[in-house]
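Note sheet for the following structure.
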Amino acid sequence: MDRTEAQLKRRLNEDQELNYPDFEQMWGRMEQAGYTSSKGSSRAGTNSPVRHRNWRKITVAASFSVVLMAVPVYAAVQVDWGNLLNHRSGVQAALAQNLGQPIGQTITKDGVTLTLHTALSDENRTVILYSLDVGGDKGNGMWNVNGMSLKDAKGNGDDNEYYYQQWDEKNKRYNGYFETNWSPGQETVKVSLSATGIQSYSQQEVDLKLDTDSPERQSFPVNRDGLESFSVQPFKEGNEQLMLSTAAVFNNPEAKSLAYPQIIAYRDGEPVKNSQAGAMGKPGDNGEYTSLQYYKPGDVPKADTTYKLSYTKLERNIDGPWTFDFELSKQKMAGATMKTALDLPLEAEDASNRIEQMVVTPTQIRVSIRTKAKFAELPYVNYTLEVGGQKLEGGLWYSTSEDKDLRTLRFERPVNLEITKTTPMTLVGNYKVTRHEDDKKPLELNNISSEKQTLIRQTGGYPVQWTYYMQGADLYVEMKSDDPHFGGVNQTHIGTGKDRILGKIVTVGFRGDGNNRSIDVYKDFKGTEASIYMFFYSTNEPDKETRVKLQGQ
């Protein structure tokens, strides 16, 4: 967020609108990981929260370490990974073809054993499969490897690294998956895979007497495990949506880095699922850990629902480094890799987005698109690849080290899918979202008070409902349209030029999710009149499709 704040200051001075972080990218990356994503994050099982990096030393103890350097054998590849690779058919395909590179290295500390089993490296990525043995039954806690990173001898690697663990009940251990965008520039290279530590956690809960019918922010003292207080502000839209905006205040930086506080709603003793994806971890005005969570009001009736604050507590830390040195090879993969240079428009007469290259490896198909769009985003939300009669689901892959104007679509390669230079391949994009900056006329808010007032205004040919009201010292502005083809307003501001005031975004929008409601708040607003401007709005075309033939007849 530091980069965003610096960008905000610079653009305010230049009188330019701020290009806010694309939350769709953030959540899209999490979906790519299967359970989680982003450098230094891991996840133990499907129901545990994301872990964050940069752990401090919590416990200091003398540890006896044993490093076992096993002779790599083919048996190291033949491991029962359970459901770990359910969303990684390309990795399964490569293992089935004996393209995996056995590693067979083990480190044991304080009764916990981390083992690297197999590596897969091609032009698109490097994958390492590992296991974590914590001494049998994991009990009621959770274990995670933390700060995992892959570098060559010169320190080269990639910021886009992610990993996750999954408890294997049959074998009483965690199975682990590590992936990075980085791959060797030559057939073999010496590398190090290291982890900063291994930790165990427990999940804690605190009862919240939350009144979701009240629009006021409600504060709850916690004063335990480094968490000082927790506050919740409900935003209710009839029977359609209940949004809970939360803020956690910590008095311990270590706790803040790992607690991942969130609300759990229980109905008749059973947890209620969130109605849609939210956002976690955005810093508040005073450094709070803020989040947004969503429920359907019908799923959480007041008489039958209780709320609890759930957070993670560190129970044990086995400090690192845990370092494995080995030679990584992509020799087996190289012979089955095809690179094709392309120069094709993503849409007919589209000069802004051109397909530049396709790379086919034994594990994955990658399609690169160069964009000249102002916000460097592709126009379609969903992408599939039709290959020899099969339809492959894929999506955008975001890399901080990648060319900023290049966007990459990646598709897992199914087992037994044969691809040659003549195999028909067609890229399909659907659900088009377009940003518009043509509406610069202000909306005049008059007689601003605690009473909710509503205006209807045509924007891009769609009726948009604007509701404004004071709540305490703050002005809230809500925007929505009953027409789903209207995608929403990204952000508003009062006035123009260097003296303009930016509205603080309360909600989080996801391109193509069908939800066009947004809320901005102006803290400590003075006065009863305001001229509201928008930076841009978007429109949706759910049925719009583009088809581009990449090769074959």
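The structure presented is a predicted model; accordingly, all values stated were derived computationally and were not measured.
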Checking side-chain hydrogen bond (donor to acceptor under 3.5 Å, both in side chains) for the pair T312/Q203: CA distance, chi angles, key distance, verdict? CA-CA 5 Å; T312 303; Q203 207 65 25; 3.3 Å; yes

Does atom [atom1] of [X] have more than 12 heavy-atom neighbours from other groups under 6.0 Å away?
| X | atom1 | result |
| --- | --- | --- |
| N446 | CG | yes |
| K441 | NZ | no |
| K296 | NZ | no |
| E451 | CD | no |

Kindly say whether [Y] contributes a backbone atom to a donor-acceptor pair with the side chain of [X] at under 3.5 angstrom?
| X | Y | value |
| --- | --- | --- |
| Y522 | H493 | yes |
| N540 | P542 | no |
| T290 | K282 | yes |
| D319 | G197 | no |
| Q218 | D211 | yes |
| K170 | D80 | no |
| Q166 | L84 | yes |
| S481 | P463 | yes |
| E288 | N286 | yes |
| Q204 | K313 | no |

E377 and R435 ion-paired at < 4.0 Å: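 A salt bridge is present here (some side-chain N lies under 4.0 Å from a carboxylate O).
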
Less than 4.0 angstrom from a charged side-chain N to a carboxylate O is my criterion; do D439 and R457 meet it?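 Salt bridge flag = yes for R457 with D439.
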
Please step through side chain to side chain contact (heavy atoms under 4.5 Å, CB included) for the pair I318 and R316, ending with a clear verdict. CA-CA 7 Å; I318 305 175; R316 184 182 176 193; 3.8 Å; yes

So, for [X] and [Y], which heavy atoms are closest and what is the spacing to 0.1 Å?
| X | Y | result |
| --- | --- | --- |
| V222 | L227 | CB-O, 3.4 Å |
| R173 | D133 | CB-CA, 4.4 Å |
| F230 | P261 | CE1-CB, 4.2 Å |
| L392 | P414 | CD2-CG, 3.3 Å |
| K523 | D474 | CA-OD1, 3.3 Å |
| Y260 | M280 | OH-CG, 3.7 Å |

Do [X] and [Y] come close enough that some side-chain heavy atom pair is under 4.5 Å?
| X | Y | value |
| --- | --- | --- |
| V300 | T212 | no |
| E240 | R517 | no |
| Y177 | V91 | yes |
| M534 | M479 | no |
| V477 | L445 | yes |
| Q233 | V506 | no |
| K209 | Y307 | no |
| Y163 | Y130 | yes |

Start with the C-alpha gap between N515 and T507, add the side-chain angles, then the distance that decides, and say whether side chain to side chain contact (heavy atoms under 4.5 Å, CB included) holds. CA-CA 11 Å; N515 177 21; T507 51; over 6 Å; no

Is there a salt bridge (charged side-chain N to carboxylate O under 4.0 Å, His left out) between K452 and E237 once you walk through the steps? CA-CA 13 Å; K452 289 190 175 183; E237 187 179 4; over 6 Å; no

Just do the salt bridge (charged side-chain N to carboxylate O under 4.0 Å, His left out) check on K504 and D285 with the steps written out, would you? CA-CA 10 Å; K504 181 181 179 181; D285 291 338; 3.2 Å; yes

Just say parallel, tilted or perpendicular for the rings of Y383 and Y380, cut-offs at 30° and 60°. perpendicular

Inter- and intrachain pairs under ring pair (Phe, Tyr, Trp, His ring centres under 6.0 Å), touching residues 459-478, at least two apart: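 Residue pairs passing ring pair (Phe, Tyr, Trp, His ring centres under 6.0 Å), neighbours aside: F235-Y476, Y469-Y476.
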
Any ring pair (Phe, Tyr, Trp, His ring centres under 6.0 Å) involving residues 207-228? Give me the pairs, sequence neighbours left out, ordered by first then second residue.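 Every pair satisfying ring pair (Phe, Tyr, Trp, His ring centres under 6.0 Å) with a residue in residues 207-228: there are none.
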
Under the criterion side chain to side chain contact (heavy atoms under 4.5 Å, CB included), I'd like the reasoning laid out for E228 against N223: C-alpha separation, chi angles, the key distance, then a yes or no. CA-CA 4 Å; E228 183 176 312; N223 296 317; 3.9 Å; yes

Assess the residue pair Y295 and T305 against the criterion (side chain to side chain contact (heavy atoms under 4.5 Å, CB included)); give the C-alpha distance rounded to whole Å, side-chain angles, the decisive distance to 0.1 Å, and a yes or no. CA-CA 12 Å; Y295 291 98; T305 306; over 6 Å; no

Between OG of S200 and CE of M142, what distance do you get to the nearest 0.5 Å?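 Going from OG on S200 over to CE on M142, the span is 9.0 Å.
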
OH (Y533) and CG (L502) are apart, to the nearest 0.5 Å, by 14.0 Å

Between [Y] and [X], do the side chains contain a donor N or O and an acceptor N or O under 3.5 Å apart?
| X | Y | answer |
| --- | --- | --- |
| T246 | S291 | yes |
| E169 | W167 | yes |
| E161 | S149 | yes |

Given salt bridge (charged side-chain N to carboxylate O under 4.0 Å, His left out), test E179 with R88 step by step and report yes or no. CA-CA 11 Å; E179 181 172 333; R88 293 291 180 265; 3.7 Å; yes

Report the C-alpha distance between S202 and E315 in whole Å, list the side-chain angles of each, state the deciding distance to 0.1 Å, and finish with yes or no for side-chain hydrogen bond (donor to acceptor under 3.5 Å, both in side chains). CA-CA 7 Å; S202 64; E315 297 289 352; 2.5 Å; yes

Qualifying residue, where the test is side-chain hydrogen bond (donor to acceptor under 3.5 Å, both in side chains) with N430 and the options are N382, T384, T546: N382

Check T434, N516, D438 against Y537 for a side-chain hydrogen bond (donor to acceptor under 3.5 Å, both in side chains) and give me the one that passes.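 Between Y537 and the candidates, side-chain hydrogen bond (donor to acceptor under 3.5 Å, both in side chains) is satisfied uniquely by D438.
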
Could you go step by step and tell me if N144 and Q199 meet the side-chain hydrogen bond (donor to acceptor under 3.5 Å, both in side chains) rule? CA-CA 6 Å; N144 279 305; Q199 293 85 21; over 6 Å; no

Check the pair Q491, D520 against side-chain hydrogen bond (donor to acceptor under 3.5 Å, both in side chains), reporting the backbone distance first and the verdict last. CA-CA 7 Å; Q491 188 194 21; D520 285 0; 5.6 Å; no

